[in-house]
Amino acid sequence: MEKQSQLYAGKAKTIFLTDDPDRLIVEFRNDTSAGDGAKIEQFDRKGMINNKFTAFIMEKLDAAGIPTHHEALLSDTEALVRRLEMIPLECVVRNIASGSICRRLGVEDGLELNPPTFEFFLKNDPLHDPMVNEYHALTFGWATQAEMDEMKARTFAANEVLSKLFADAGMILVDFKLEFGKHNGKLYLGDEFSPDGCRLWDAETRKILDKDRFRKDLGGVIEAYEEVAHRLGVRLD
Ligand SMILES: Nc1ncnc2c1ncn2[C@@H]1O[C@H](COP(=O)(O)OP(=O)(O)O)[C@@H](O)[C@H]1O
Ligand SMILES: [Mg+2]
């Protein structure tokens with residue numbers, strides 16, 4: 001697989017074309033951003049951790065019947081993926097209230113959500129990724145009803161698989177964000193799954209083990225990511 005020109009440089013990853021029109025190379029960088037890019041810092045080893053973490057989680061999801069774009073790890077910081085036409089909606093499942101839902105709805109941080117709830121956000125940095133509903137998506141053509149129904153079902157299915165995976169490793173999956181895309185009419189999970197895009201708390205102490213350590217200036221960001229990887233059995237070396 002030959003790496004060719006850069007297709008897109010996002011906030012945390014760079015995407016490269018390859019000699020196969022159906023395959024891309026994702027490079028995970030050390031850049032870490034919060035507030036839609038308002039705050040940016042580099043953390044040594046983060047690209048490598050998130051690359052290997054994402055591959056590990058995507059393999060679990062594929063095995064559970066949730067198709068993902070992941071094909072192979074190419075290096076510490078690069079993975080080969082299926083090229084998707086991304087749907088510009090972020091799919092969020094929340095098992096426990098934390099972050100923006102607390103500010104928006106005035107609920108207490110740490111409140112258990114039963115049943116878990118679901119939100120769509122428009123992927124749009126200048127607009128600060130606003131929450132949108134299904135009528136907005138239909139009206140503005142971001143996704144069809146069938147696509148949204150499938151994204152919701154897949155995101156809840158991933159919640160079942162991953163909540164158990166993290167619980168077995170002594171962690172609570174508080175919430176997470178997924179991005180999907182299409183290839184030849186089929187829906188695949190794309191992008192990444194790492195502590196950058198989910199909230200994870202220690203099951204006993206509720207210690208924060210995800211990107212909130214960066215957002216809230218708690219320190220020990222990479223140490224927490226490594227701890228999560230270690231507990232799950234993700235090989236980092
Ligand atoms: N398989 C894929 N095919 C095409 N684009 C993808 C795929 N997986 C992820 N992407 C897109 O590539 C970009 C990844 O880089 P990232 O740094 O996360 O960017 P952003 O700042 O837009 O979130 C995202 O815009 C994401 O939607
Ligand atoms: Mg992103």
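Any value given below was found using the heavy atoms of this structure, including those in side chains, with hydrogens, waters and symmetry copies removed. Each ligand, and each atom within it, is numbered from 1 in the order the structure gives. Computed from a predicted structure; not experimentally measured.
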Would you mind checking which non-hydrogen protein atom is closest to [atom], with the distance to 0.1 Å?
atom                    : result
atom 8 (N) of ligand 1  : D191 N, 3.1 Å
atom 25 (O) of ligand 1 : Y8 CE2, 3.4 Å
atom 7 (C) of ligand 1  : M86 SD, 3.6 Å
atom 23 (O) of ligand 1 : K123 NZ, 2.8 Å
atom 12 (O) of ligand 1 : I15 CD1, 3.5 Å
atom 4 (C) of ligand 1  : L84 O, 3.2 Å
atom 19 (O) of ligand 1 : G10 CA, 3.3 Å

Going by salt bridge (charged side-chain N to carboxylate O under 4.0 Å, His left out), D196 matches just one of R213, K46, K211, K13. Which one?
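Of the listed residues R213, K46, K211, K13, the salt bridge (charged side-chain N to carboxylate O under 4.0 Å, His left out) partner of D196 is K46.
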
For ligand 1, does [X] get within less than 4.0 Å through its side chain, its backbone, both, or neither, judged by non-hydrogen atoms?
X    : value
K11  : both
Y188 : neither
K13  : both
E179 : side chain

Closer than 4.0 angstrom: is that true for some heavy atom of R29 and an atom of ligand 1?
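Judged by the 4.0 Å heavy-atom criterion, R29 does not count as contacting ligand 1.
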
Give the atoms of ligand 1, by number and element, whose distance to some non-hydrogen atom of V81 is under 4.0 Å.
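In order of number, 1 (N).
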
Which ligand 1 atoms does L24 reach within 4.0 Å, using its non-hydrogen atoms?
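Those atoms are 3 (N), 4 (C).
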
Tell me if a side-chain donor or acceptor on [X] pairs with a main-chain N or O of [Y] at a distance below 3.5 Å.
X    : Y    : value
T32  : N30  : yes
R215 : G99  : no
D125 : H128 : no

Check the orientation of H136 and F140. Use parallel for under 30°, tilted for 30 to 60°, and perpendicular for over 60°.
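It falls in the tilted class, 30° to 60°.
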
Step through the shown structure and confirm whether more than 12 heavy atoms of other residues, nucleotides or ligands are within 6.0 Å of CD on Q42.
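Result for CD/Q42: enclosed.
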
Atom pair CZ/CZ of F214 and F43 - distance to nearest 0.5 Å:
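Between F214 CZ and F43 CZ, I get 5.5 Å after rounding to 0.5 Å.
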
Under the side chain to side chain donor-acceptor pair (under 3.5 Å) test, residues paired with R199 that sit two or more places apart
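D175, D212.
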
Less than 3.5 Å apart, any donor N or O on the side chain of T54 or N50 sitting next to an acceptor on the other?
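Not at all, the side chains of T54 and N50 share no donor-acceptor pair under 3.5 Å.
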
Pick, from A9, G190, A12, the option with the minimum heavy-atom distance to atom 17 (O) of ligand 1.
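The nearest heavy atom belongs to A12.
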
Per-pair distances, 0.1 Å, donor-acceptor, side chain in residues 177-185, under 3.5 Å, sequence neighbours excluded:
| residue | atom | partner | partner atom | Å |
| --- | --- | --- | --- | --- |
| K177 | NZ | E179 | OE2 | 2.8 |
| K177 | NZ | D191 | OD2 | 3.4 |
| E179 | OE2 | K123 | NZ | 3.4 |
| K182 | NZ | E147 | OE2 | 3.1 |
| H183 | ND1 | R83 | O | 2.9 |

